[in-house]
Amino acid sequence: MNVIVAENLCKSFGSFKAVDRITFEVPQGEIFGFLGANGAGKTTAIRMFCGLSKPTSGKGSVAGFDIWKQPEQIKANIGYLSQKFALYEDLKVWENIRLYAGIYSVPAKEIGPKTDEILHRLGFTSERNTLVSELPLGWKQKLSFSVAVVHDPRIVFLDEPTSGVDPVTRRQFWELIYDAADRGITVFVTTHYMDEAEYCNRVSIMVDGKIEALDTPKKLKEQFEAKNMDEVFHQLARKARRNGA
Amino acid sequence: MRCFTSWPARPGATELNMKQFKAFIRKEFYHIFRDPLTMAILFLLPILMLTLFGFAITTEVRNTKIAVYDPSKDAGTMAILNRMEASEFFEITRELSSPDDIESVFRQGRIGLLVVFSERFYENLVHTGEAQIQLLADGSDPNNASVVVNYATAIIAASQQELISRTGGAMPYQITPEVKLLYNPQMKGAYNFVPGVMGMIMMLICAMMTSVSIAREKELGTMEVLLVSPMKPIYVILAKAVPYFFMSVINLTTILLLSVFVLDVPIAGSLFWLIILSLIFIFVSLSLGILISSVVDKQLVALLISGMVLMLPVILLSGMMFPLENMPWLLRALSEIIPAKWFIMAVKKIMIKGLSYSSITRELLILGSMAVVLIAVSLKRFKTRLE
């Protein structure tokens with residue numbers, strides 16, 4: 001079953017086509033890398049999938065819900081994490097988990113076990129009552145991810161989740177992503193780090209609002225005769241006309 | 001291939017989800033209780049402001065130094081001077097020996113009032129029923145001068161009554177103007193400041209704190225996460241306002257208790273209507289805060305705007321500190337759109353003058369419509385910004 005379906009999806013701001021007829025599908029449980037230079041239209045596309053903005057034209061569905069007609073249902077069935085923290089620094093670790101569980105209507109009796117499970121998985125059991133402001137950056141990042149999927153969403157959108165994080169923590173973060181994918185959560189991730197692109201099941205590369213390439217990292221490297229994803233990306237991004245718009 | 005368990009679709013938020021709402025409000029209270037600065041603003045500021053205005057910054061005139069030129073020195077002048085000296089407002093520090101000293105005594109600037117009696121004061125009073133007293137006040141501070149003159153006139157009037165009764169009522173009625181100070185016979189500053197401070201604190205807590213706390217979520221990026229969540233934006237905003245509403249009610253209680261038991265300002269009218277009035281004003285302030293936060297994205301900007309756009313007019317144009325009557329028409333017109341002005345006016349009527357609710361229907365209507373319009377505009381603004 002496809003968790004994300006986009007068919008000729010467009011978003012224009014005046015005459016500027018931020019997203020220009022993108023078409024793709026993401027099956028359940030996949031880790032889908034959504035790459036592109038700054039201003040390529042990634043964020044605009046994610047906003048449409050998250051029910052934050054309406055497309056100009058085209059069709060699309062997320063978790064089986066239409067992005068035109070059912071944004072509220074979509075919101076209830078997705079998780080979201082951006083490069084900014086979702087966590088409240090003046091709340092304790094368990095309070096943050098309970099807050100988001102509450103916002104996503106996780107039944108009250110499940111919140112306790114869920115909290116224990118998350119803390120156990122992260123190895124945070126002793127930090128239950130610690131204020132988030134006292135946690136190291138990497139820990140916050142991992143906790144943010146766990147909080148973003150506290151309600152077991154169909155899909156989680158990660159918008160540059162690892163920017164500014166050290167390589168060790170990034171590695172651990174990706175373990176969490178694999179873990180979530182193993183539980184059947186589809187992962188839609190944007191990143192600047194091309195080594196991370198290699199971790200994805202499939203990767204799409206956006207240039208000037210269009211998807212220029214979409215395949216597994218292995219096939220993309222063959223197709224572009226490149227040693228790594230970094231080269232693939234640069235061959236495509238070189239064509240870009242707009243920059244950081 | 002991996003095997004997935006069945007995936008129950010979660011219902012979308014179409015109506016108010018109380019559990020969600022409660023979870024969010026609880027979080028807001030954590031923010032408030034864990035921030036020492038917020039706590040100080042919420043609980044110490046009202047007490048501080050009220051005591052400061054009530055006791056320290058006072059417009060009351062006490063122990064004004066007066067000089068006297070009394071060529072008569074008879075029973076009549078003595079009666080008046082004794083009374084003045086006995087009152088807590090005046091202190092006779094100089095007696096002039098000649099009218100030539102009058103100008104110099106003011107130039108030295110040490111006295112606030114000069115009392116000049118006519119010659120043969122008591123004789124004239126008894127025989128012709130007329131005697132002159134001249135009151136000269138230092139007009140460089142007009143407010144102060146008028147207060148001092150009012151006090152002095154009141155004292156003279158009282159002495160006159162005494163003189164009349166001493167002569168067995170045989171003396172014809174005197175024409176000295178008697179200035180009666182309605183509602184606030186002792187001209188206590190607290191009577192004026194309590195309603196003003198009430199308006200200021202409500203505005204501060206509701207508008208400033210709400211706008212800053214919403215701007216904070218935007219600045220930190222948590223607002224983005226909340227907007228992606230199934231919680232409807234309108235409930236995010238309402239949940240933000242609820243804790244500050246409670247805080248304002250607590251503050252209202254503190255202020256009223258302080259003013260009754262510490263500042264001796266009684267609640268002369270209906271407590272019920274005073275509370276209704278305050279609640280409407282709280283709504284107006286809350287929606288102003290939400291409106292500000294829908295325009296700005298930074299805490300500091302929210303703070304500055306609430307400070308400049310809300311607090312300053314409340315202090316300057318609400319009639320709390322400076323009488324509106326003396327202002328140029330432009331400022332007076334501007335004051336009409338300041339919610340605090342109407343609130344303070346109405347509080348004075350109900351709390352100090354003890355008038356019935358019918359006297360504040362105009363204020364209630366104006367504040368009520370301000371609340372409706374502001375809430376509508378700010379919610380609409382908030383919605384459109386999301387698209």
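What's counted below: heavy atoms across the whole structure, side chains too, no hydrogens, waters or symmetry copies. To find a chain, count down the sequence lines: A is the first, B the second, and so on, and within it residues start at 1.
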Do you know which of A:Leu81, A:Leu52, A:Ile46 makes side chain to side chain contact (heavy atoms under 4.5 Å, CB included) with B:Val228?
-> A:Leu52
With respect to A:Glu95, which candidate in B:Lys27, B:Arg26, B:Arg34 satisfies the salt bridge (charged side-chain N to carboxylate O under 4.0 Å, His left out) definition?
-> B:Arg34
Could you tell me the separation between the [atom1] atom of [X] and the [atom2] atom of [Y], rounded to the nearest 0.5 Å?
| X | Y | atom1 | atom2 | result |
| --- | --- | --- | --- | --- |
| B:Tyr30 | A:Asn96 | OH | CG | 10.5 Å |
| B:Met231 | A:Tyr104 | CE | OH | 11.5 Å |
| B:Lys232 | A:Glu72 | NZ | CD | 5.0 Å |

Which atom names give the shortest non-hydrogen contact between B:Ala23 and A:Gly102, and what distance separates them?
-> CB-CA, 4.0 Å
Could you pull out the closest heavy-atom pair between B:Gln20 and A:Ser105, with the gap in Å?
-> NE2-OG, 4.1 Å
Per-pair distances, 0.1 Å, donor-acceptor, side chain in residues 59-66 of chain A, under 3.5 Å, sequence neighbours excluded:
{"unit_1": "A:Asp66", "atom_1": "OD1", "unit_2": "A:Trp68", "atom_2": "N", "d": "2.7"}
{"unit_1": "A:Asp66", "atom_1": "OD1", "unit_2": "A:Lys69", "atom_2": "N", "d": "3.0"}

Choice from B:Glu217, B:His31, B:Lys19, B:Lys22 maximising heavy atom contacts with chain A below 4.5 Å = B:His31
Which one, B:Asp35, B:Val225, B:Leu220, B:Thr222, leads in non-hydrogen pairs under 4.5 Å with chain A?
-> B:Thr222
So what's closer than 4.5 Å to chain B heavy atoms on A:Ile78: side chain, backbone, both or neither?
-> side chain
Identify which part of A:Leu87 has an atom lying under 4.5 Å from any heavy atom of chain B, answering side chain, backbone, both or neither.
-> backbone
Considering only heavy atoms and a distance below 4.5 Å, find which of A:Tyr88, A:Tyr80, A:Phe157 pairs most often with chain B.
-> A:Tyr88
Report, as yes or no, whether the 6.0 Å neighbourhood of atom CZ on B:Phe29 holds more than 12 heavy atoms from other residues, nucleotides or ligands.
-> yes
For atom CZ of B:Phe261, decide whether the heavy atoms of other residues, nucleotides or ligands shown that lie under 6.0 angstrom number more than 12.
-> no
